[in-house]
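Every number for a ligand or one of its atoms is a count from 1 in the order of the listing. Just so it is clear, the values below take in all heavy atoms, side chains as well, and ignore hydrogens, waters and symmetry mates.
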Amino acid sequence: MSLALTPGELIGIIGPNGAGKTTLLKALCGLVPISDGHVFLNDKLLECYSPSHKGREIAYVPQDRVLPYGMKLIDVVSLGRIPHFKTSNEKDDKDLINAILHELDLYGLRFQRAETLSGGEKARLCLARALAVNSCFLLLDEPTASLDPAQTLNVMSLLKRQALIRQKSVCVVLHDLSLAAQFCTKLIMLEKGVCIAQGTAQEVLTPALLQKLYQIEAEFIDNIPVLFKKHHPS
Ligand SMILES: Nc1ncnc2c1ncn2[C@@H]1O[C@H](COP(=O)(O)OP(=O)(O)OP(=O)(O)O)[C@@H](O)[C@H]1O
């Protein structure tokens, strides 16, 4: 696979369970060894970066929502500022954290302990901690899993703003193809560890590719797949 994450893009990684989406994100962060090839970060090999420098450049939200026990939500978000501890300013950090809490509808819960949050609130808290890093690269594994429809749209809109307005490079693993078509600027389709298509939603979410990948038929409205049914070969 050859993949470039560029500023201003919201890239969606799609594919069936076990296709290698999580493994790809982990490889991009240097969290799993890769048997062949290289990952470059700003034209320099990823392994040449110190952990703190890499931590300032890449924020990663894993699929498992693991949160520290006993910490208030606001303190969990402030963990995202750790890679910047040598240069950060307390007031700027506080303003950034409060803005993120508002954007993710978590401000009212800021003094609550993380382990008492609901599943959707925990998912948003993990995203908030990653946004607090304010890194150029944002890699998110199923960020909308367990979110209700309104929070899903809020999070996807926020990620699109991070890409288009703040010129971040955002890469998300998604299973919801309608959402991927609606928000992502580019899609990468994986099958058994191999990229079988990449491009715009219109180029990637074709009836033929959906049939090949998932054995499903889709109905489209305005090029967005909205209804899926099992494909029965004639
Ligand atoms: N450390 C590991 N050792 C052995 N096999 C692994 C390891 N990590 C992942 N795999 C295997 O690699 C394949 C891809 O896993 P990965 O978690 O990347 O899939 P995925 O596309 O993210 O799936 P899902 O949609 O279910 O989250 C799976 O078959 C998984 O069992």
TODO: Considering the heavy atoms of E142, write down every atom of ligand 1 situated less than 4.0 Å from one of them.
DONE: 27 (O)
Task: Short side-chain donor-acceptor distance under 3.5 Å, Q198 and K186 - done: yes
Task: Per-atom contacts, ligand 1 versus P16 - under 4.0 Å to a heavy atom - done: 21 (O)
Task: Residue H175 vicinity, atoms of ligand 1 by number, heavy atom under 4.0 Å - done: 25 (O)
Open item on the list: For atom 17 (O) of ligand 1, what is the closest protein heavy atom, and at what distance to 0.1 Å?
Closed with: T22 CB, 3.5 Å
Task: Ligand-residue contact atoms, ligand 1 with Q63, heavy atoms, under 4.0 Å - done: 27 (O)
Task: Audit row: E121, R124, side-chain contact (heavy atoms from CB on, under 4.5 Å) steps and yes/no - done: CA-CA 5 Å; E121 289 163 352; R124 272 143 54 213; 3.9 Å; yes
Open item on the list: Does the protein place a non-hydrogen atom closer than 4.0 angstrom to atom 14 (C) of ligand 1?
Closed with: yes
Open item on the list: Strictly inside 4.0 angstrom of atom 5 (N) of ligand 1, do you find any protein heavy atom?
Closed with: no
Open item on the list: So that I can tick it off, tell me whether K230 and E217 are bridged by a salt bridge, with the cut-off set at under 4.0 angstrom between side-chain N and carboxylate O.
Closed with: no
TODO: If you have a sec, work out which protein heavy atom is nearest atom 18 (O) of ligand 1 and how many Å separate them, to one decimal?
DONE: T23 OG1, 2.5 Å
Task: Protein contact to atom 29 (O) of ligand 1 [nearest heavy atom, distance to 0.1 Å] - done: G18 O, 4.0 Å
Task: atom 24 (P) of ligand 1 protein-contacted (non-hydrogen atom, under 4.0 angstrom) - done: yes
Task: Presence of salt bridge, E142 and K21, under 4.0 angstrom - done: no
- [ ] Return yes when at least one protein heavy atom is under 4.0 Å from atom 31 (O) of ligand 1, and no when none is.
- [x] no
Task: Distance in Å, L205 CG paired with F220 CZ, rounded so as to fall on 0.5 Å steps - done: 6.5 Å
Task: Verify atom 1 (N) of ligand 1: protein non-hydrogen atom under 4.0 angstrom away - done: no
TODO: Answer whether the closest heavy-atom distance between the side chains of I58 and V133 falls below 4.5 Å.
DONE: no
TODO: Show your reasoning for whether side-chain contact (heavy atoms from CB on, under 4.5 Å) applies to K168 and L138.
DONE: CA-CA 7 Å; K168 308 275 184 189; L138 202 47; 5.5 Å; no
- [ ] Identify, for atom 26 (O) of ligand 1, the protein heavy atom at the shortest distance, and state residue, atom and that distance.
- [x] N17 ND2, 3.0 Å
Task: Gap separating the CG atom of L213 from the NZ atom of K192, nearest 0.5 angstrom - done: 10.0 Å
Open item on the list: Within 45 degrees of the ring normal and closer than 6.0 Å to the centroid, is that where the cationic atom of R56 sits relative to Y49?
Closed with: no
TODO: Answer yes or no: does an N/O atom from A19 fall short of 3.5 Å to an N/O atom of ligand 1?
DONE: yes
